[in-house]
Amino acid sequence: MSQEEAVPQVTLTIDGREVSVPKGTVVWKAAQAAGIEVPIYCYHPKMPPLGACRMCFVEIEPMTPPIAKAPQTACTTEVRDGMVVHTDTPLVKKSRKGTLEFLLINHPLDCPICDKGGECDLQDFTLRHGPGASRFDLTKRHFQKPIPVSDNILLDRERCIACQRCVRFTQEVAQEPGLILLERGFRTEVGVDPGAPFDSIFSGNVVEMCPVGALTAKSYRFMSRPWELKRTPSVCPGCSVGCNVRVDVRVDRIMRLMSRPNDDIDDGWLCDKGRWGYESVNDPQRLRVPLVRKNGELTEVTWDEALDTVATRLREIMQKHGSAAIGGIGSTHTTNEENFLFQKALREGLGTNNIDHYHGVFPAASQGAMPWVFTGSIAGIDNASDVVLIGANPYTRQPVLDLRIKKALRNGARLTVISAETHRIERLATRVVRIKPGTEAAIAKTLAGVVVGEKLTRGVDAHMLTDDYQARFKSFTPERMAEALGTDAEALRALAREVAGAKGAVILYDEAATRLSGNESLAADVFELGLLTDNVTRQHAGVGPLWEDANSLGARDMGVLPDVGPGYQPLAKPGRDYDAMLRGGVKALWVMGADPARHMERPAALAEMDFLVVQEMALTETAKQADVVLPALSYAEKIGSFTNLERRVQVLRRALVPLPGAKADWEILRGVATRLGLAWSYRSPSDVLTEIATSVPYYAGLTREALGDTGARWSFADERATVTAQA
Amino acid sequence: MPDANGRAIGPSTASLADYQNARGFAALQTLRGQGAQAAANVISAAQQARLRGRGGAGMLTANKWQTVRDAVAKRGGPAFLVCNAYDADPQSLISTTLVASQPFMVLEGVMLAAIAVGAREAYIYLRSGNTAGHTALNAALDQARSANILSDLIINVVGVEVGFMGGEESTMLEVIKGRRAMAQQRPPYPAQSGLSELPTAVANVETLVSLVGAVRDPAAFAKTGTAASAGTKLFSVYDAAGNGTLVEQPFGATIAAIVKAAGLTITADSARGILVGGPEGGVLPPAQWNTPFDFEPLQAAGAIVGSGTIQVLGPQTCMVDWARERTAYLTHESCGKCIPCRSGTKRIEGMLAGIMSDVGTSGDLDLLNEFADYVPDGSLCGFGWNATNPLKTAMRYYADDFQKHLRGECPTGTCVPVRTHRFAKKGVL
């Protein structure tokens with residue numbers, strides 16, 4: 001992020017330590033900056049202060065308390081210059097003890113069987129700040145427990161300390177019907193509206209936020225003790241947002257995914273799709289032994305036999321039909337390193353450019369502008385003045401972005417949803433334009449037409465807007481669109497004016513929308529709209545696609561494409577694309593981590609190929625048709641990197657002991673390539689990354705160390721400069 | 001407005017003509033002719049009249065409104081005005097009576113205050129059960145609208161029923177916003193960030209009615225009352241049997257005088273104490289009955305201005321039981337947001353029930369003493385800050401009652417052990 005207006009610093013003293021923090025910071029955060037723990041329950045750094053739990057008491061010297069000398073809550077008090085704060089006075093200690101003593105009157109001491117035991121704030125704070133014993137030897141309050149609040153989450157009301165974190169998350173962050181407070185006073189409890197279960201794709205966050213064991217996830221309930229878990233920082237493989245996660249593993253299974261807050265990406269949240277999407281890794285049906293088709297049956301063989309078969313058969317077909325008869329389908333789920341090796345093995349080992357993966361329709365890289373990278377930043381959406389979703393539904397496809405958009409709305413942004421279907425976020429939208437599927441591109445052209453026609457362009461040289469250029473939009477008038485779609489022409493005009501005058505407009509479309517018939521030019525049209533209204537490189541603005549998978553952009557960047565090599569280096573002789581290969585364009589097909597059978601009307605056609613080799617974790621439809629199936633490892637069992645939709649490269653670490661018998665895709669590729677006669681000496685994906693850093697533009701100079709724990713948007717500034725030059 | 005001589009509230013003024021004949025809206029008309037200076041004039045009149053808020057906190061009205069004006073000047077935009085006519089204390093007769101019998105004076109007070117703080121929109125907030133109030137207020141609003149008196153001020157009448165907490169100012173704003181009736185942490189104060197996160201002045205209806213008198217003639221207004229608090233105050237005075245009367249007395253009148261003005265004759269034999277301040281008020285023994293009714297002397301005595309309710313407690317009142325009953329009410333009314341209030345009131349109630357049921361120990365008194373301060377210190381809003389007043393005054397002035405119960409006898413022979421305590425020593429919270 002470039003120069004924001006500087007926030008003045010405020011200096012205060014906490015327990016004798018001087019600390020400087022930006023104006024507006026609350027005392028709790030300042031104490032944290034000074035390395036002093038102030039216990040909290042209700043406060044959450046991503047939500048406004050509440051002041052309910054009365055745990056974060058401190059004593060502040062120059063303040064005039066409302067009544068005789070009382071402690072102050074650190075989470076609600078903003079710092080002031082010269083403030084003197086104490087966190088260890090007798091009054092503070094007494095107050096914290098009092099709060100904990102009251103909380104523990106009714107809190108059941110079922111810690112031995114509580115999921116939270118061992119990572120419970122109530123346990124920890126009682127140990128550090130609480131009374132050693134209770135003065136209330138009373139029968140505790142009991143409730144029926146647990147009660148389900150949704151299909152995935154159970155509520156134990158006895159354990160609840162009424163901090164309201166969960167309630168406020170659903171109401172203020174997810175802004176969805178969810179958990180509410182019921183009853184009053186000491187009877188206060190968390191619950192749901194009668195007949196309205198907690199229905200949110202973000203529901204798992206409340207389990208993680210709950211400071212005690214009141215909200216538990218069905219998937220983790222009674223499964224493990226927290227101290228048995230090995231915790232490894234990683235990246236969620238669920239979608240192209242690339243939320244940072246912590247993979248918690250017990251022996252040989254993933255027990256849960258927890259958030260690993262990264263304010264640039266996920267803001268500390270995860271969606272349920274990502275959080276609970278690890279079943280495929282734990283699946284007992286996963287492939288463990290290579291399979292080769294013998295007498296029509298897939299038969300278990302050794303790795304050597306399987307790899308020999310692949311190399312031999314591919315070489316035979318190449319000799320018989322030529323390199324053009326061989327093709328490869330790469331993956332949006334495997335790492336950059338693996339995709340790089342995949343295209344390298346095919347291009348160098350087998351001499352073919354028939355390489356592609358399943359992706360949206362984008363203009364060829366050779367045409368100049370590359371509209372497939374979101375030109376803004378995920379964090380920048382927070383401060384956008386306008387958000388326009390064209391045929392995109394982040395709530396189900398890139399869910400954590402939905403929370404970003406809601407954050408922007410809380411900051412005053414306007415939201416326009418242009419879609420053929422009803423989306424959940426529409427109830428918060430300023431404007432909804434209902435269209436027919438496949439007219440997204442025409443809408444984008446229409447908006448651009450209004451901008452050009454009404455002379456609202458920004459940052460564009462007037463001489464570029466020739467009559468010829470303007471004529472391109474002639475058939476795309478709001479009136480004509482309105483008539484065709486039964487929508488309101490004035491709404492389209494108003495939207496175009498807003499985007500043209502926006503402080504920063506973020507315009508997003510889904511990769512899937514580009515595949516609809518009629519939308520072939522969608523990517524280019526939206527990019528053009530961005531250029532005409534200067535929303536491409538402007539701060540808090542940006543245009544781009546929302547990709548489907550965790551490494552959709554990485555696969556593209558690595559050159560798993562028929563017409564360009566790694567980093568979009570043009571090729572002299574382009575190969576066949578995805579559809580052409582599946583329509584019988586090749587005799588042998590090498591598939592890595594993909595399931596093309598899903599996209600074929602007649603999957604059996606795969607079996608009719610001379611040779612089909614599939615690297616996969618489970619026996620997919622495609623794998624069932626294969627001649628050789630090679631068991632692969634999941635994202636949690638290998639190292640490598642993913643590239644998310646804003647081209648942030650992030651590191652995967654090995655969180656789980658690899659499944660015995662399976663190999664990482666890069667190892668499999670190395671095995672085949674060596675047998676094809678390539679002298680590959682990669683010892684690990686790190687060696688591949690080094691090669692990527694030296695040979696792939698946009699990834700030049702990248703190192704594992706530089707990516708660190710939070711990843712980096714590599715060479716992104718260079719590309720923005722290119723975009724500006726093109727504009 | 002009734003006169004300042006302690007007579008019960010004056011005849012109802014149900015028609016606009018009657019009100020205008022009695023100098024009604026005259027002050028408003030004068031101010032409307034003063035243009036931009038009008039706001040400062042209202043505030044300076046309130047200042048000169050030493051008008052203090054009648055809602056319980058006793059802030060100088062002029063200071064409070066100046067804070068709102070400063071906030072408006074700093075951030076621009078409109079301000080809001082909220083008139084609290086809710087009568088949180090179910091025993092209070094004040095707001096209900098004022099709204100029903102003096103609706104035009106309420107409206108004039110609201111309009112004067114709106115001028116003072118620069119509000120374009122005001123809310124009059126009352127109990128939805130107060131049908132007489134709603135009827136009178138809406139009728140008065142219709143007449144004022146037709147007579148073009150409201151100018152461009154939007155006045156909304158809001159009726160809610162959210163218990164005792166509904167009278168707490170931040171809770172009131174939450175309810176008007178359509179949220180759950182829970183107190184909010186301050187700062188930011190409503191004066192800086194209230195409705196729509198804009199500066200909002202919150203004033204009690206009695207304050208606004210007093211404001212009309214204060215603006216008409218600040219000097220005359222300041223002549224009654226004390227050096228700290230000028231003017232008169234309304235009281236809901238209850239006898240030991242629970243019959244209430246509304247009286248008006250100047251600030252500084254003694255508790256005994258106020259009770260007498262209500263037509264009650266009491267002696268140390270006929271009354272064990274007098275509750276001053278409503279549900280969160282304190283009980284004062286005969287020796288304290290000459291305490292002048294004003295914010296500071298009452299605080300020193302352990303009571304509060306509160307809701308202006310004054311109740312005579314009969315000779316058969318055991319103060320342990322009385323404190324338990326008061327705390328039980330507050331336990332039920334606490335919003336439950338913060339733990340000291342949520343669990344503190346309940347625990348105090350439980351311990352008092354134990355002592356009352358003759359199973360208390362001297363250790364309980366130590367704990368009660370501790371909680372008497374801990375609950376106010378730790379609580380989030382005025383409810384918690386005052387929730388232990390009944391306990392504190394009962395322990396301070398009637399220590400013997402507690403000692404007797406610890407020895408197993410009730411000082412008045414009236415206490416019936418709480419059921420859970422009759423069978424088991426350990427109560428369920």
Need one label for F102(A): side chain, backbone, both or neither, based on atoms under 4.5 Å from any heavy atom in chain B.
both
How close do T188(A) and G336(B) get, heavy atom to heavy atom, and via which atoms?
OG1-CA, 4.0 Å
Taking atom NZ of K407(A) as the centre, report whether more than 12 heavy atoms of other residues, nucleotides or ligands fall under 6.0 Å from it.
yes
Any donor-acceptor N/O pair, R180(B) side chain to L181(A) backbone, under 3.5 Å:
yes
Of all residues at least two apart in sequence or in a different chain, which pass the side-chain hydrogen bond (donor to acceptor under 3.5 Å, both in side chains) check with T11(A)?
S20(A)
Taking the side chain as everything from C-beta on, heavy atoms only, tell me whether K337(B) gets closer than 4.5 Å to L50(A).
yes
Check each atom of S379(B) against the heavy atoms of chain A and say whether the ones under 4.5 Å are side chain, backbone, both or neither.
backbone
Applying a strict 4.5 Å limit to non-hydrogen atoms, the region of L367(B) in contact with chain A is side chain
Straight-line distance of Q185(B) CD to T73(A) OG1, nearest 0.5 Å:
3.5 Å
In Å and rounded to the nearest 0.5 Å, what is the CD to CZ distance from E101(A) to F371(B)?
5.0 Å
Where does T99(A) contact chain B at under 4.5 Å (heavy atoms): side chain, backbone, both or neither?
both
Select, from G378(B), G344(B), G363(B), A181(B), the one with the greatest count of heavy-atom pairs under 4.5 Å involving chain A.
G378(B)
Would a 4.5 Å heavy-atom cut-off, applied to side chains only, mark M182(B) and Q164(A) as touching?
yes
So that I can tick it off, tell me whether E370(B) and R135(A) are bridged by a salt bridge, with the cut-off set at under 4.0 angstrom between side-chain N and carboxylate O.
yes
Minimal heavy-atom distance between R347(B) and L138(A), with the atoms involved, is CZ-CD1, 3.5 Å
Under 4.5 Å heavy-atom distance to chain B, tell me which part of E78(A) shows up: side chain, backbone, both or neither.
neither
K23(A), NZ: over 12 other non-hydrogen atoms inside 6.0 angstrom
no
Donor-acceptor pair, distance only, cut-off 3.5 Å: does the side chain of R184(A) make one with the backbone of H332(B)?
yes
Any non-hydrogen side-chain atom of R187(A) less than 4.5 Å from a side-chain atom of T331(B)?
no
So what's closer than 4.5 Å to chain B heavy atoms on I180(A): side chain, backbone, both or neither?
neither
Correct closest heavy-atom pair for P71(A) and D377(B) would be CD-O, 3.7 Å
